[in-house]
Amino acid sequence: MSIISGKNILLGISAGIAAYKTASLVRLFIKSGANVKVVMTPASKEFITPLTLSTLSKNPVFSSFVNEEDDNAVWNNHVDLGLWADLFVVAPATANTLSKMANGVCDNLFLATYLSAKCPVYFAPAMDLDMYKHPTTKASFEKLKSFGNVMIPATSGELASGLIGEGRMAEPEDIVSFIENDILDKLPLKGKNILITAGPTYEAIDPVRFIGNHSSGKMGFEIARAAANLGAQVFLVTGPTHQKTTHSLIKVLPVTSAEEMYAQAHKHYKDVDVAILSAAVADYRPKEVALDKIKKKDAALTLELEKTKDILASLGDIKTDQYLVGFALETNNEIENAKDKLKRKNLNLIVLNSLNDKGAGFKGDTNKVTFIDSEENITEYQLKSKAEVAVDLLNKIIEQINA
Ligand code: CTP
């Protein structure tokens with residue numbers, strides 16, 4: 001799945017011959033799963049029709065402050081357009097439009113939208129080679145870059161003038177991959193490896209029975225998704241669950257028992273920057289596992305149980321530079337018990353779920369959590385979806401590891 005999937009892309013087209021290529025560019029954005037709206041300079045309509053772009057983008061195309069042909073003229077709100085956009089991509093970016101952008105000129109809807117947009121801006125210059133090299137054009141590039149706008153460099157080749165040199169707009173495929181790579185490179189967890197445990201564990205009694213619990217694995221999978229969406233490489237060690245993920249940055253490592261989860265967690269721990277242990281690991285397991293199915297010949301059956309290894313505590317014991325996060329599900333004296341667990345298991349952060357909170361815990365789609373860090377700072381959150389809790393947790397971790 002492309003990193004631009006689901007993003008709102010505002011394509012700004014200015015009047016260069018490369019505008020004809022924006023039909024392909026819109027198609028590629030749409031194919032990548034983005035939502036596309038187009039804002040054009042009036043002159044660019046000479047190079048490609050709004051109808052083409054509106055058909056491909058499945059949205060109206062804007063070029064003026066009011067729709068002239070409409071008797072009940074409606075104002076095209078540049079502020080709304082700017083706020084709608086997650087990304088503003090200017091392609092082709094002519095010398096004229098770049099110069100206006102660099103100097104705050106605002107004499108058309110496109111430029112007013114540029115000034116209103118708060119999102120990242122990319123610009124793909126397209127012009128003749130001497131214009132591209134001109135000091136005033138170079139000054140525009142530098143000024144726009146100093147605003148944080150990102151330049152997608154032009155390439156060399158045959159130009160509309162017949163001259164050969166630098167100034168050709170990057171090809172639509174290259175514009176899309178440039179933007180994708182740029183976003184990926186800037187993700188806050190790019191280059192970080194994260195270990196996550198999720199789901200229940202099953203402890204065998206005999207070949208057909210086990211001791212388990214009702215954990216759905218949802219919380220752990222949401223944390224894995226949120227971490228991967230922020231650029232981390234995730235090792236997701238999961239007990240038996242119906243949850244699925246196909247994210248390319250999540251390596252799913254299925255296990256059944258606490259012992260297997262312990263082994264997988266230890267295998268990856270030394271290579272990770274962050275470990276988040278959200279699994280509901282069975283605390284006890286049958287001391288002996290019957291080789292054959294146990295027959296119900298007696299009126300009662302007694303199973304002797306022994307403790308499983310505490311994975312979280314064992315990782316706390318050997319911790320070097322890892323940021324270690326544990327979960328605590330408490331019913332009474334919650335904050336004190338969680339603080340105690342944080343210290344005992346040598347954690348950096350503990351996520352407290354209180355069973356007294358409605359909507360928190362194992363099975364549902366929501367959770368209500370409190371974070372306690374190693375300095376005992378307490379942050380309490382409202383009831384939220386597990387996906388939102390996952391994002392809160394990762395934002396907290398990013399804030400702490402960058403502090
Ligand atoms: N955990 C673990 N391995 C275990 C048991 C728990 O890694 N064998 C982890 C869970 O993934 C979770 C945290 O420890 O992050 C939860 O601990 P919990 O079972 O609530 O606490 P305990 O320390 O076992 O204390 P108690 O049962 O007394 O509440």
Side-chain angles (χ1 to χ4, degrees), residues 194-204 210-224 227 234-241 243 253-270 272 274-287 305-319 322-357 360-363 367-374 386 389-390 392-394 396-397:
I194 299 194
L195 169 70
I196 295 169
T197 67
T201 63
Y202 288 177
E203 310 303 325
F210 60 83
I211 297 173
N213 61 63
H214 288 301
S215 167
S216 64
K218 273 182 196 151
M219 194 64 246
F221 273 69
E222 290 297 358
I223 298 169
V234 176
F235 299 95
L236 176 60
V237 183
T238 175
T241 135
Q243 303 296 315
L253 304 158
V255 297
T256 304
S257 64
E259 192 61 31
E260 288 169 14
M261 189 172 273
Y262 177 95
Q264 279 294 344
H266 275 264
K267 185 171 166 194
H268 294 282
Y269 187 56
K270 58 184 181 318
V272 300
V274 177
I276 305 170
L277 275 66
S278 69
V281 187
D283 288 323
Y284 292 91
R285 65 178 178 199
K287 197 164 182 189
L305 302 181
E306 64 180 7
K307 262 196 169 164
T308 56
K309 289 177 189 153
D310 188 325
I311 306 166
L312 182 59
S314 69
L315 299 184
D317 284 345
I318 58 165
K319 188 167 81 172
Q322 296 90 345
Y323 188 90
L324 183 58
V325 182
F327 275 66
L329 183 65
E330 305 289 344
T331 51
N332 61 312
N333 211 8
E334 291 103 340
I335 297 280
E336 286 319 307
N337 283 343
K339 278 186 190 169
D340 176 59
K341 214 167 272 183
L342 178 88
K343 285 215 180 72
R344 244 188 316 120
K345 300 195 185 188
N346 191 23
L347 311 181
N348 300 85
L349 189 78
I350 193 150
V351 181
L352 166 66
N353 299 291
S354 166
L355 264 193
N356 298 328
D357 288 322
F362 261 25
K363 270 181 167 173
N367 210 350
K368 185 169 182 317
V369 297
T370 302
F371 300 154
I372 309 174
D373 69 21
S374 52
K386 286 186 173 172
V389 171
D392 287 340
L393 175 59
L394 286 154
K396 177 57 113 188
I397 293 170

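Numbering starts at 1 and runs along the sequence shown. Keep in mind that this is a model prediction, so the values were computed, not measured. Numbering of ligands and ligand atoms starts at 1, following listing order. Hydrogens, waters and symmetry mates play no part in the numbers below; they use all other heavy atoms, side chains included.
- Residue contacts with ligand 1: Leu277 is placed with a nitrogen or oxygen under 3.5 Å of a nitrogen or oxygen of the ligand (distance criterion only).
- Using a distance-only test at 3.5 Å, with no hydrogens or angles considered, no donor-acceptor pair links the side chain of Asn213 to the main chain of Ala282.
- Interface atoms of ligand 1 facing Lys345, defined by a heavy-atom separation under 4.0 Å, are 14 (O), 17 (O), 21 (O), 22 (P), 23 (O), 24 (O).
- Only the side chain of Asp283 comes within contact range of ligand 1, with a heavy atom under 4.0 Å; no backbone atom does.
- Of the protein's non-hydrogen atoms, Val281 CB, 3.5 Å is the one closest to atom 4 (C) of ligand 1.
- No N or O atom of Glu330 sits closer than 3.5 Å to an N or O atom of ligand 1.
- Once rounded to the nearest 0.5 Å, the distance linking CG of Leu236 with OG of Ser278 reads 8.0 Å.
- For the pair Thr370 (side chain) and Leu352 (backbone), a donor-acceptor distance under 3.5 Å is absent.
- Of all the heavy atoms in Ala198 and Gly220, the pair that sits closest is CB-CA, 3.8 Å.
- For ligand 1, the atoms sitting less than 4.0 Å from at least one non-hydrogen atom of Ala279 are 10 (C), 11 (O), numbered in the order shown with element in parentheses.
- Side-chain atoms of Thr256 never come within 3.5 Å of backbone atoms of Tyr202 as a donor-acceptor pair (strictly under, hydrogens ignored).
- Between the side chain of Glu203 and the backbone N or O of Ala258 there is at least one donor-acceptor pair closer than 3.5 Å.
- Remark: atom 17 (O) of ligand 1 lies closer than 4.0 Å to at least one protein heavy atom.
- Close N/O approach between Phe327 and ligand 1 is found [any backbone or side-chain N/O within under 3.5 Å].
- In terms of polar-atom proximity, defined here as any N/O pair under 3.5 Å, Ala328 makes no such contact with ligand 1.
- Those atoms of ligand 1 that come under 4.0 Å of a heavy atom in Thr308, given as number and element, are 8 (N).
- The nearest heavy-atom contact from the protein to atom 8 (N) of ligand 1 is Lys309 O, 2.9 Å.
- Judged purely by atom type and a 3.5 angstrom limit, Lys319 uses its side chain to pair as donor or acceptor with the backbone of Asn346.
- With hydrogens and angles disregarded, a donor-acceptor distance shorter than 3.5 Å links the side chain of Asn348 to the backbone of Leu324.
- The nearest heavy-atom contact from the protein to atom 26 (P) of ligand 1 is Lys341 NZ, 4.0 Å.
- The number of heavy-atom neighbours closer than 6.0 Å to NZ of Lys287, taken from other residues, nucleotides and ligands shown, is 12 or below.
- Counting only distance, with no hydrogens or angles, the side chain of Tyr262 and the backbone of Lys309 share no donor-acceptor pair below 3.5 Å.
- Relative to atom 14 (O) of ligand 1, the option among Leu315, Ile350, Leu324, Leu312 with the closest non-hydrogen atom is Leu312.
- Contact atoms of ligand 1 toward Gly326: 15 (O) (distance under 4.0 Å to a heavy atom of the residue).
- Heavy-atom proximity to atom 1 (N) of ligand 1, evaluated over Asp310, Leu329, Thr197, is greatest for Asp310.
- In this structure, the side chain of Thr238 does not engage the main chain of Gly199 through any donor-acceptor pair within 3.5 Å.
- The closest approach between any non-hydrogen atom of Ala258 and ligand 1 is not below 4.0 Å.
- Looking from atom 3 (N) of ligand 1 to the surrounding protein, the closest heavy atom is Ile311 N, 3.0 Å.
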